[in-house]
2 protein chains.
Amino acid sequence: MNEPSPRRTYLDVDDRRRQLLDAAVQVMVHDGVAALSLRSVAQRAGVAHRVVSYAFGSKGELVTALLQRESELLTRRLWAEPLAPAPLVDAVGAALHTFVDELRLDRVRHERLAELTAMARSSDALVGAARAEIDAVRGEIERLVEAWAAARKTELTVPTTSLVAIIHAAAEGLAAWWLATGDDEHVDDVVRAFSTGLVGLERA
Amino acid sequence: MNEPSPRRTYLDVDDRRRQLLDAAVQVMVHDGVAALSLRSVAQRAGVAHRVVSYAFGSKGELVTALLQRESELLTRRLWAEPLAPAPLVDAVGAALHTFVDELRLDRVRHERLAELTAMARSSDALVGAARAEIDAVRGEIERLVEAWAAARKTELTVPTTSLVAIIHAAAEGLAAWWLATGDDEHVDDVVRAFSTGLVGLERA
DNA sequence: GTCTATAGGTCGATAGAC
DNA sequence: GTCTATCGACCTATAGAC
């Protein structure tokens, strides 16, 4: 019944952390953020729960690391594609479509990250990480916009920060609305409206 | 130290529930969703924690009732103003400004409701309530759009459901983006872009 | 008011890497 | 032999249920 030789596997702390974060993501996706605990993560990873304490020091550190890694990874994925060197309206419209497609590929995971982020905002210990996530998103969008502007060689009629804020808000809206409703039927309408809102922001 | 006469106050179950939900809102706003417990709510209301069990049966029922009441109340508040009988772009732009103003009046409370809703989506017991919240929002927007259309006597170039989805997504975006960033400086830009996206949806 | 389950945190011992 | 990572056991606080 019992294993003949318990054969411990020894990992470097950094590797162990990565492995445990993978396990944490699985727990979160499968059973929800509320199910995250030292024990559930340890069980999923096949180690004693003490190992999680050892690797992260405390649950707070685990959640902080999880939020950081997930938000960075998923944010990068969502904004991986460069903006096409086309008129602003078309470029952003295409980007928003790509954005939704990316959400679709890992719907539950994005949903759970949203939950984790919402939770983080009301926690003194995590509010910093939530703030960093938002800054990272803004940064990614800014990067895309600047690359696009350089390729297009046209001028904006508004400051870059305004355009970034608009695209950011549109993306948040798309994410929140689609994750909540799953309304595939109206995605095109919403994307079209959001991109149409950009007319006049680029000087011909 | 103790009150001389403990003078119990007896309340009808419905009144007691209302009072406890008020207390729950206070706990949630003051200490976050994670701090919600039978005991914290009871303490805030000044009753024995057993009373909360009696009134709601279980914590799940308490949270369900809380989510229902909060989402209905706040949704109604956000969409209380009728759409002005003006061109669609202007009417929706004004509505979105009102929407943000309303968010501002009770920022933390809206933030916490968002957290509660995100949590509800991954809970089998609460997903129904979360779904109902979304339907209620859609219903409110639909009501406003229909009243506006009746007053304007113009036609839409898209189905009503499309316009509702667009406004809904815009509102979600505004809420998520503004609650996350608190970026008052760019609210006007975002609202302008979102309403500009509606050009052409109304037949002149 | 009490019981119990859960979960975070900690200690001593040990297996395995170097 | 020493150091690091691992494990199981234990303690305590919290919170839901009865």
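Below, chain A is the first sequence line, B the second, and so on; all start at residue 1.
- Remark: the backbone N or O of A/Ala35 is paired with a side-chain donor or acceptor of A/Ser40 at under 3.5 angstrom.
- Regarding A/Leu20, its CG atom lies at a distance of 14 Å from the P atom of C/dG8, rounded to whole Å.
- Contact annotation: A/Tyr54 side-chain N/O to D/dT6 OP1/OP2 distance is not under 4.0 Å.
- Evaluation of atom-type donor-acceptor distances gives no pair under 3.5 Å for the side chain of A/His49 against the base of D/dG8.
- Residue contacts shown for A/Ser37 are limited to sugar-phosphate atoms, with no base heavy atom under 4.0 Å away.
- Scanning atom types as modelled, one donor and one acceptor separated by under 3.5 angstrom connect the side chain of A/Arg39 and the base of C/dG8.
- The side chain of A/Lys59 approaches C/dG8 more closely than any other nucleotide in the set D/dG16, C/dG8, D/dA5.
- Here B/Leu66 contributes atom CG and B/Leu113 contributes atom CG; the two are 8.5 Å apart, rounded to the nearest 0.5 Å.
- Taking atom CG on B/Asp31 and atom C1' on D/dT14, their separation rounds to 15 Å, with Å as the unit.
- At a cut-off of 3.5 Å, with distance as the only test, no side-chain donor of A/Glu81 or A/Thr98 sits close to an acceptor on the other residue.
- Counting to the nearest Å, the P atom of D/dT6 and the CG atom of A/Asp15 are 10 Å from each other.
- Side-chain atoms of A/Arg8 come within donor-acceptor range of the base of C/dT14, with a qualifying N/O pair under 3.5 Å.
- Across the protein-nucleic acid pair, A/Asp12 atom CG and D/dT6 atom C1' stand 14 Å apart, rounded to whole Å.
- Ionic pairing of A/Arg107 and A/Glu111 is present here: one or more N-O contacts between side-chain nitrogen and carboxylate oxygen are shorter than 4.0 angstrom.
- Between the CZ atom of A/Phe56 and the C1' atom of D/dT6 there is a distance of 16 Å, rounded to whole Å.
- For A/Arg50, the listed nucleotide lying nearest its side chain is C/dC11; candidates were D/dA15, C/dC11, C/dA7.
- Results of the salt bridge (charged side-chain N to carboxylate O under 4.0 Å, His left out) test with B/Asp22 over B/Arg69, B/Arg17, B/Arg16 single out B/Arg69 as the only residue that passes.
- Between B/Leu36 atom CG and D/dT14 atom P the separation is 17 Å, expressed in whole Å.
- A straight line from CD of A/Glu61 to P of C/dG8 spans 14 Å, rounded to a whole angstrom.
- In this structure, B/Leu62 atom CG and D/dA15 atom C1' are separated by 13 Å, rounded to whole Å.
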